[in-house]
Engineer: 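Pasting a structure below so you can have a look.
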Amino acid sequence: ANTIARIKKVPYGLSEAPLAWYRRLTAELIKCGFEQVPSDRCVFVLRHPTRPGEILGIIGAHVDDLLISGCDRSVNPLFEEALSKLTANLPFGERKYADLSPVIYTGINLRQHPQTREVTIDQAHYIENLKEVPLKPLPDGLLDGKGQTGYWSQLGALLWVAVNTRPDIAYDVSHYASFGTKPEKQHVASLNKIIRTLKSKVYSITFQKLTKHWDDMTLVVFTDAGHTSRPSGHSQAGTLMFWAPKDVLKGQEVRAMLAEYSSTKIDRAVWSSYASELQAATIATDSAVNVLLLYEQIFYGLKAKDVRSKITNGQQQRVLVTDNKGLYDSVQV
């Protein structure tokens, strides 16, 4: 009683605890020699001390879960030494290896082939646990408060799948998110149908080595739009990005790797399909620049202005693909 105490450390449960942990983790990683990537401050790169262009390891952080990739001790011991120093200061749980058995990271199954080093991700276990919402108890028409809560919960669960491993449902989830303020029983039925579609077949995304050097690849960006396809009259933008060998610039057929995808509402209402295609291309171009910025900063540690200069002067080539002739002609002019 009648005592005022000052907390010297942030206890679990306070609103500022996550920020305090982030600052502690960042400080410890930097002490161990890792460099924080400016365009994504949850990514950390360990570079060779005398050869900055040579990457020894990369760490991605999600709260207190780390996704780690780096050189084996037999190749270069510096990466393992940095990890040993990190775990000495911040004791973590068991380290799991994706090339020995599947690892679950932020709800995503992650596997690495021990010989080819290909990385495959899926959310099969997460999808298997998705439950359809019973329709009989729900009233026809607009849902009540409890029904709306159930709809938002189901929508959020599907959104986690759509943005991570299943681009095939990205549009549907984005479309039904537009009914979030006034969902009806029929919309719940539609979400149940998406769940059945997800469970009907397991799909995965594979990342593999396409070229010997990073500079031998280019970013190919597909963009499309659905004019006034949303209930509000807004249009929908779709983007698919692939890393591909530069032979694709010569018109050759190549093997490509998925880099990014999205399906989202175009905020600005437009009056023509050409205008919606233009808006979609703008969104895709902006996303492509962000992807290029991230990769250039990971591989070369460049500042944003240097990446912009590299893109502007043509050192970093990329391709924008559209099916709209009017947009194509406008850009070519």
Side-chain angles (χ1 to χ4, degrees), residues 15 62 104 106-109 121-205 222-240 260-284 286-287 323-324:
S15 59
H62 179 79
I104 297 179
T106 65
I108 300 173
N109 293 322
I121 62 172
D122 66 63
Q123 287 175 281
H125 73 289
Y126 182 89
I127 292 171
E128 188 61 33
N129 291 326
L130 292 177
K131 304 295 183 183
E132 295 185 38
V133 175
L135 296 177
K136 285 187 177 180
L138 299 179
D140 293 331
L142 290 174
L143 300 178
D144 57 17
K146 184 178 179 180
Q148 289 183 17
T149 301
Y151 180 80
W152 296 332
S153 176
Q154 189 180 32
L155 188 65
L158 290 173
L159 181 63
W160 185 242
V161 180
V163 301
N164 281 306
T165 59
R166 293 296 294 265
D168 55 315
I169 68 164
Y171 169 76
D172 287 334
V173 174
S174 175
H175 174 77
Y176 288 107
S178 63
F179 299 101
T181 56
K182 294 182 179 180
E184 299 181 10
K185 182 177 181 178
Q186 59 173 324
H187 302 139
V188 177
S190 297
L191 295 188
N192 286 343
K193 184 178 179 180
I194 295 175
I195 291 176
R196 291 194 294 272
T197 300
L198 289 172
K199 291 186 175 184
S200 64
K201 188 174 181 180
V202 176
Y203 286 96
S204 62
I205 298 175
F222 292 83
T223 175
D224 202 1
H227 181 55
T228 62
S229 59
R230 296 180 70 93
S232 62
H234 285 79
S235 301
Q236 188 81 4
T239 303
L240 272 173
E260 181 66 90
Y261 66 87
S262 68
S263 182
T264 184
K265 182 185 78 171
I266 298 176
D267 290 329
R268 180 181 176 183
V270 294
W271 293 101
S272 67
S273 59
Y274 168 79
S276 61
E277 294 283 359
L278 177 60
Q279 292 291 320
T282 302
I283 293 172
D286 185 60
S287 298
D323 62 354
N324 187 277

Engineer: Hey, what do you get for CD (E128) to NZ (K199), rounding to the nearest 0.5 Å?
Structural biologist: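 Here the interatomic distance stands at 5.5 Å.
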Engineer: Less than 4.5 Å apart, any side-chain heavy atom of Y176 and any of P183?
Structural biologist: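 In short, these two side chains do not touch, never coming nearer than 4.5 Å.
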Engineer: Show your working on side-chain contact (heavy atoms from CB on, under 4.5 Å) between E184 and D140 and close with a plain yes or no.
Structural biologist: CA-CA 7 Å; E184 299 181 10; D140 293 331; over 6 Å; no
Engineer: Taking only residues two or more places apart in sequence or in another chain, which ones pass ring-ring contact (aromatic ring centres under 6.0 Å, His included) with H187?
Structural biologist: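 Expected list: F179.
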Engineer: If you measure only the distance, is there a donor-acceptor pair under 3.5 Å linking the side chains of R268 and S235?
Structural biologist: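 Looking only at side-chain atoms, S235 and R268 do not form any donor-acceptor pair under 3.5 Å.
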Engineer: Do N324 and Y274 have side-chain heavy atoms sitting under 4.5 Å apart?
Structural biologist: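 SC-SC contact between N324 and Y274 confirmed.
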Engineer: Please report the interatomic distance CD1(I104) to CD1(I121), rounded to the nearest 0.5 Å.
Structural biologist: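 I104 CD1 to I121 CD1: 13.5 Å, rounded to 0.5 Å.
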Engineer: How about E132 and R196: do any of their side-chain heavy atoms sit closer than 4.5 Å?
Structural biologist: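 Touching, per the 4.5 Å side-chain cut-off.
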Engineer: Decide salt bridge (charged side-chain N to carboxylate O under 4.0 Å, His left out) for D144 and K146; before the verdict, give the C-alpha distance in whole Å, the side-chain angles of both, and the deciding distance to 0.1 Å.
Structural biologist: CA-CA 6 Å; D144 57 17; K146 184 178 179 180; over 6 Å; no
Engineer: Kindly write out the residues that satisfy ring-ring contact (aromatic ring centres under 6.0 Å, His included) with Y151, not counting sequence neighbours, or none if the list is empty.
Structural biologist: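 Listed in chain order: nothing, the list is empty.
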Engineer: So do D172 and K193 actually touch side chain to side chain, heavy atoms under 4.5 Å?
Structural biologist: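 No, too far: nothing below the 4.5 Å cut-off.
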Engineer: For the pair S200 (side chain) and T197 (backbone), establish whether a donor and an acceptor sit closer than 3.5 Å, ignoring hydrogens and angles.
Structural biologist: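 Indeed, once roles are kept as given, a pair shorter than 3.5 Å links the two residues.
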Engineer: Quick one: pull up OG in S190 and NZ in K185 and give me the separation to the nearest 0.5 Å.
Structural biologist: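 Rounded to the nearest 0.5 Å, the OG-NZ separation comes out at 12.5 Å.
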Engineer: Run the side-chain contact (heavy atoms from CB on, under 4.5 Å) test on D224 and T239 for me, step by step, so that the C-alpha distance in whole Å, both residues' side-chain angles and the decisive distance to 0.1 Å come before the verdict.
Structural biologist: CA-CA 7 Å; D224 202 1; T239 303; over 6 Å; no
Engineer: Determine whether L143 and T149 make a side-chain contact, defined as any pair of heavy atoms from C-beta on separated by less than 4.5 Å.
Structural biologist: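 Counting from C-beta outward, L143 and T149 never come under 4.5 Å.
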Engineer: Once you round to the nearest 0.5 Å, how far does OG of S272 lie from CG of L278?
Structural biologist: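 CG of L278 is found 9.0 Å from OG of S272.
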Engineer: Can you check whether L142 reaches Q148 side chain to side chain, under 4.5 Å on heavy atoms?
Structural biologist: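 They are not in side-chain contact.
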Engineer: Which heavy-atom pair separates H175 from P231 by the least distance, and what is that distance?
Structural biologist: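 The pair with the smallest heavy-atom distance is CE1-CD, 3.7 Å.
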Engineer: side-chain contact (heavy atoms from CB on, under 4.5 Å) between N109 and T165: does it pass, once the steps are laid out?
Structural biologist: CA-CA 10 Å; N109 293 322; T165 59; over 6 Å; no
Engineer: Restricting to non-hydrogen atoms, name the atom on V173 and the atom on L155 that form the minimum distance, rounded to 0.1 Å.
Structural biologist: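 Heavy-atom minimum between the residues: O-CD1, 3.9 Å.
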Engineer: Is there a donor-acceptor pair closer than 3.5 Å between any side-chain N or O of Y126 and the backbone N or O of A157?
Structural biologist: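 Judged by distance alone, yes, a pair lies under 3.5 Å.
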Engineer: Determine yes or no for a side-chain-to-main-chain donor-acceptor pair under 3.5 angstrom, with D286 supplying the side chain and T282 the backbone.
Structural biologist: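 The answer is no, because no donor-acceptor pair under 3.5 Å joins these two groups.
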Engineer: Whether the Q154 and N192 side chains hold a donor-acceptor pair (N or O, under 3.5 Å, no angle test) is what I'd like checked.
Structural biologist: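 Note: Q154 and N192 side chains meet the donor-acceptor criterion.
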Engineer: Between I266 and A237, what is the shortest heavy-atom contact and its length?
Structural biologist: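 Reported closest heavy-atom pair: CG1-CB, 3.7 Å.
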Engineer: Let me confirm one number: the CD1-CG distance from I194 to L158, rounded to the nearest 0.5 Å.
Structural biologist: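 Between atom CD1 of I194 and atom CG of L158 there are 5.5 Å.
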Engineer: Indicate yes or no: at least one non-hydrogen side-chain atom of V133 is less than 4.5 angstrom from one of L191.
Structural biologist: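 Heavy-atom side-chain distance check fails, nothing below 4.5 Å.
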Engineer: Test your reading of the model: is there a side-chain donor-acceptor pair from S174 to the backbone of A170, 3.5 Å cut-off?
Structural biologist: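 Side chain of S174 to backbone of A170: no pair is present.
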Engineer: CG/L240 to OG1/T223 distance, rounded to the nearest 0.5 angstrom?
Structural biologist: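 One finds 9.5 Å between CG of L240 and OG1 of T223.
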Engineer: Is there a donor-acceptor contact under 3.5 Å linking the side chains of D267 and H234?
Structural biologist: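 No pair is found: no donor N or O on one side chain lies under 3.5 Å from an acceptor on the other.
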Engineer: Do you know which two heavy atoms are closest between Q123 and G107, and how far apart they sit?
Structural biologist: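 Shortest heavy-atom separation between Q123 and G107 comes out as CG-O, 3.6 Å.
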Engineer: If only side-chain N and O atoms count, and only distance matters, is there a donor-acceptor pair under 3.5 Å linking Q236 with T264?
Structural biologist: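 There is no such pair (donor and acceptor under 3.5 Å, judged by atom type) between the side chains of T264 and Q236.
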Engineer: Is the count of non-hydrogen atoms from other residues, nucleotides or ligands lying under 6.0 Å from K182 atom NZ greater than 12?
Structural biologist: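 Counting neighbours around NZ of K182, 12 or fewer heavy atoms of other residues, nucleotides or ligands fall under 6.0 Å, so no.
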Engineer: Could you tell me if the side chain of L138 sits less than 4.5 Å from the side chain of V188, heavy atoms only?
Structural biologist: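 Of all side-chain heavy-atom pairs linking L138 with V188, at least one is under 4.5 Å.
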